[in-house]
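One structure is given below, encoded as structure tokens.
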Number of protein chains: 2
Amino acid sequence: MGTPELTDEYDRFFDELSRMPDINSCIEAICSEFNIQFVTYHLAFHEGKAIDSPYVRTNYPAEWVSQYLTNDYVEIDPVAQNGFKRALPCLWSDLDWTAERSIEFKNDARKHGIGTSGYLIPVTDRKRRRAIVNFASPAKESAWAKKINTIDVLLLECAEILHRKAIVDLYGREDEKPALTPREIQCLNWVAQGKDASSIGLILGISEHTVRDYCKSAKHKLGCASLYQAIHIATMQRLIDPDSLD
Amino acid sequence: MGTPELTDEYDRFFDELSRMPDINSCIEAICSEFNIQFVTYHLAFHEGKAIDSPYVRTNYPAEWVSQYLTNDYVEIDPVAQNGFKRALPCLWSDLDWTAERSIEFKNDARKHGIGTSGYLIPVTDRKRRRAIVNFASPAKESAWAKKINTIDVLLLECAEILHRKAIVDLYGREDEKPALTPREIQCLNWVAQGKDASSIGLILGISEHTVRDYCKSAKHKLGCASLYQAIHIATMQRLIDPDSLD
DNA sequence: ACTCACCCCCCCAAATTTAGGGGGTCAGAG
DNA sequence: CTCTGACCCCCTAAATTTGGGGGGGTGAGT
């Protein structure tokens with residue numbers, strides 16, 4: 001870990017960053033500040049939009065962006081696949097690249113001028129929205145790892161600024177909507193899997209009454225008229241995720 | 001409308017098309033067969049995937065694809081916005097391009113070498129998945145309209161072939177899962193909006209018993225243990241769509 | 001003429017949800 | 001130190017849903 005005091009020195013930079021009008025300018029600034037080649041911000045989804053379209057901001061070359069999209073590389077890219085699941089940042093090299101498809105992907109990336117040195121920062125906010133921020137460089141892996149070791153805290157800060165900007169961009173002025181508690185989310189999650197209150201009580205080791213209470217308060221927080229509607233809303237907001245049950 | 005017999009003449013071509021290994025080859029073939037500049041297939045969503053990523057296949061230049069993605073043009077592009085709602089094909093020129101953002105978008109498109117003559121074909125399958133297929137040309141609007149008038153039936157066939165290929169590509173061997181009836185979807189839709197059976201009965205002008213029956217059968221068809229789960233699944237499969245209520 | 005899929009209506013007993021009402025802890029703010 | 005808010009827990013009566021069952025009807029395709 002880099003020293004925490006390092007952040008202070010960069011306060012001015014982060015201030016400027018926060019004031020920039022759009023994410024692309026931030027990306028440029030980050031690249032030149034830290035001498036990084038490519039920076040990508042990728043929000044996994046738009047809440048309940050009818051048309052899927054990920055929110056992506058990057059300075060990757062257009063050919064690569066296009067290639068990535070029209071080949072559904074997001075499905076095989078270990079960085080994306082892991083990034084939206086894991087909680088902690090990591091070097092690209094720490095991921096599993098052994099699958100055949102991953103290797104093909106990596107080669108294609110290299111062909112498009114993307115180096116294999118990179119650093120992945122997953123972001124999860126209070127509303128459980130998930131994004132990944134990637135920093136890429138043509139540097140050698142060992143040099144890159146050393147560099148990251150000294151600036152990881154700074155990049156984390158950058159990632160958070162990017163995310164805040166994206167959220168403002170998408171939903172306007174910051175956040176306000178109520179966040180559900182972990183228990184409430186858990187209960188909704190199990191209800192959406194078809195379990196009834198008493199089973200959920202057993203699973204979570206709490207009383208079925210309590211399970212109902214959580215569903216109730218979740219329903220209220222989401223401003224729903226019925227639990228059905230709450231499940232619908234929660235599903236659209238991706239609060240519900242069969243992968244992370246229990 | 002073009003003459004229906006026209007389709008017969010093209011049977012061989014459609015046959016070849018169906019046998020092609022991937023959508024990109026189809027797109028090439030269609031372009032050269034009908035002398036069209038760009039063809040795009042765009043499926044709105046992946047069922048319940050954690051990461052939003054539209055299924056797009058196109059021969060647009062990479063710069064334009066990248067520009068479209070990283071500017072969220074799908075949100076302002078009248079072709080996409082209308083295409084995923086309307087049922088019938090139309091010329092791009094028949095859409096409303098008066099909004100300021102639409103004009104900017106159009107100009108940017110032109111800058112990237114996309115002509116303003118185009119033909120939009122929306123596709124909806126039995127499982128309610130929606131896609132749009134676009135044919136673009138640098139031709140003058142009047143000439144293009146005349147041309148479309150003679151080959152519209154053929155392009156419709158092409159659009160369907162492209163969609164079938166996309167579905168196979170995404171979900172493997174064709175379709176099998178049960179499709180819900182319109183009534184079932186309607187009822188689920190209203191339940192997801194927080195209405196109870198008797199209100200829904202009033203809204204749809206049927207008995208509340210019948211509403212319950214539809215919910216029941218929908219639940220069974222979706223293989224769900226509870227109506228909550230059915231709402232969850234239906235939401236993920238985008239069967240539920242507040243825009244198209246009633 | 002037949003089946004099949006859809007559409008529509010009803011009943012009932014058992015189970016579940018809903019909408020109230022109680023509690024309690026613990027951390028941080030004033 | 002009290003207070004507030006967020007979290008956790010439990011109960012009951014009334015209302016609703018569930019999972020069975022029973023009827024109808026149409027129109028399309030074989």
Side-chain angles (χ1 to χ4, degrees), chain A residues 125-128 175-235 239-240 246, chain B residues 124-128 174-235 239-240 244-246:
Chain A
D125 63 22
R126 290 122 288 155
K127 287 197 64 195
R128 297 230 154 180
D175 254 335
E176 66 291 329
K177 277 185 257 170
L180 300 185
T181 71
R183 280 302 206 197
E184 287 163 343
I185 290 170
Q186 259 180 331
C187 289
L188 284 189
N189 213 340
W190 282 110
V191 168
Q193 307 309 315
K195 303 289 180 192
D196 61 24
S198 56
S199 320
I200 300 173
L202 285 175
I203 292 166
L204 299 180
I206 59 182
S207 145
E208 54 176 314
H209 301 290
T210 308
V211 172
R212 280 193 270 272
D213 279 344
Y214 286 133
C215 293
K216 247 193 286 185
S217 57
K219 189 181 65 170
H220 283 127
K221 283 186 187 172
L222 295 173
C224 293
S226 69
L227 190 52
Y228 296 116
Q229 191 183 9
I231 293 294
H232 170 61
I233 299 290
T235 304
L239 294 171
I240 286 169
D246 206 356
Chain B
T124 308
D125 63 21
R126 289 122 289 156
K127 288 199 62 198
R128 294 234 154 179
E174 299 291 331
D175 254 332
E176 65 292 330
K177 278 186 257 170
L180 300 186
T181 71
R183 278 306 205 196
E184 287 162 344
I185 291 171
Q186 261 181 329
C187 289
L188 284 189
N189 213 338
W190 281 111
V191 168
Q193 307 309 314
K195 303 290 180 191
D196 62 23
S198 54
S199 319
I200 299 173
L202 284 175
I203 292 165
L204 300 179
I206 58 181
S207 144
E208 56 176 312
H209 299 290
T210 309
V211 172
R212 281 193 268 272
D213 282 342
Y214 286 132
C215 292
K216 255 192 277 187
S217 58
K219 190 181 63 168
H220 282 129
K221 283 188 187 171
L222 294 173
C224 293
S226 69
L227 191 51
Y228 296 115
Q229 190 182 12
I231 293 294
H232 171 62
I233 299 290
T235 303
L239 294 172
I240 286 169
S244 70
L245 279 172
D246 205 358

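Every chain is numbered from 1 and lettered A, B, ... according to where its sequence line falls, protein lines coming before strand lines.
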| message | So, OP1 or OP2 of D:dC9: does either fall under 4.0 Å of a side-chain N or O from A:H209? | response | no

| task | Measure from OH on B:Y228 to P on D:dT18 and round the result to the nearest Å. | result | 7 Å

| field | Heavy-atom closest contact (B:R183 atom, B:L204 atom, distance) | value | NH2-O, 3.9 Å

| request: Remember a base hit wins even if backbone is also touched, and classify B:T210 as base, sugar-phosphate or nothing at under 4.0 Å, heavy atoms. | output: base

| note | Side-chain contact check for B:K216: nearest option of C:dG20, C:dC7, D:dG20 is D:dG20

| Atom-to-atom span, CD of A:Q186 to C1' of D:dC7 - whole angstrom | 13 Å

| query | Passes side chain to side chain contact (heavy atoms under 4.5 Å, CB included), B:L222 versus B:L188? Steps please. | reply | CA-CA 12 Å; B:L222 294 173; B:L188 284 189; 4.2 Å; yes

| Value in whole Å for how far the C1' atom of C:dC7 lies from CD of B:E184 | 10 Å

| query | Is any side-chain N or O of B:D213 under 3.5 Å from a base N or O of C:dC8, one able to act as donor and the other as acceptor? | reply | no

| remark: In whole angstroms, the gap separating P of C:dC10 from CD1 of B:I206 amounts to 11 Å

| Rounded to the nearest Å, what distance is computed from the CZ atom of residue A:R183 to the P atom of nucleotide D:dC7? | 12 Å

| note | Regarding the side chain of A:T181, the nearest nucleotide among C:dT17, D:dC7, D:dT17 is D:dC7

| task | In whole angstrom, give the distance that lies between atom NE2 of A:H220 and atom P of D:dA6. | result | 15 Å

| Closer to the 5' end of DNA chain C via nearest nucleotide, is it B:S207 or A:L227? | B:S207

| Out of C:dC7, D:dC8, C:dC10, which nucleotide sits closest to the side chain of A:Y214? | D:dC8

For residues 193-201 of chain B, dump all side-chain donor-acceptor pairs below 3.5 Å to protein atoms at least two apart in sequence or in another chain.
{"unit_1": "B:Q193", "atom_1": "NE2", "unit_2": "B:N189", "atom_2": "O", "d": "3.4"}
{"unit_1": "B:D196", "atom_1": "OD1", "unit_2": "B:S198", "atom_2": "N", "d": "3.4"}
{"unit_1": "B:D196", "atom_1": "OD1", "unit_2": "B:S198", "atom_2": "OG", "d": "3.2"}
{"unit_1": "B:D196", "atom_1": "OD1", "unit_2": "B:S199", "atom_2": "N", "d": "3.0"}
{"unit_1": "B:D196", "atom_1": "OD1", "unit_2": "B:S199", "atom_2": "OG", "d": "2.6"}

| task | Return the set of residues passing ring pair (Phe, Tyr, Trp, His ring centres under 6.0 Å) with A:Y228 (not counting sequence neighbours), or none when no residue passes. | result | B:Y228

| message | Under the salt bridge (Lys or Arg N to Asp or Glu O under 4.0 Å) test against A:E184, which residue among A:R212, A:K216, A:K221 passes? | response | A:K221

| said: Using a 4.0 Å heavy-atom cut-off, does B:R212 contact any base of the nucleic acid, only the sugar-phosphate backbone, or nothing at all? | reply: base

| said: Rounded to whole Å, please give me the gap between CG in A:L204 and P in D:dC7. | reply: 16 Å

| Spacing of B:Q229 atom CD relative to D:dT18 atom P, expressed in whole Å | 12 Å

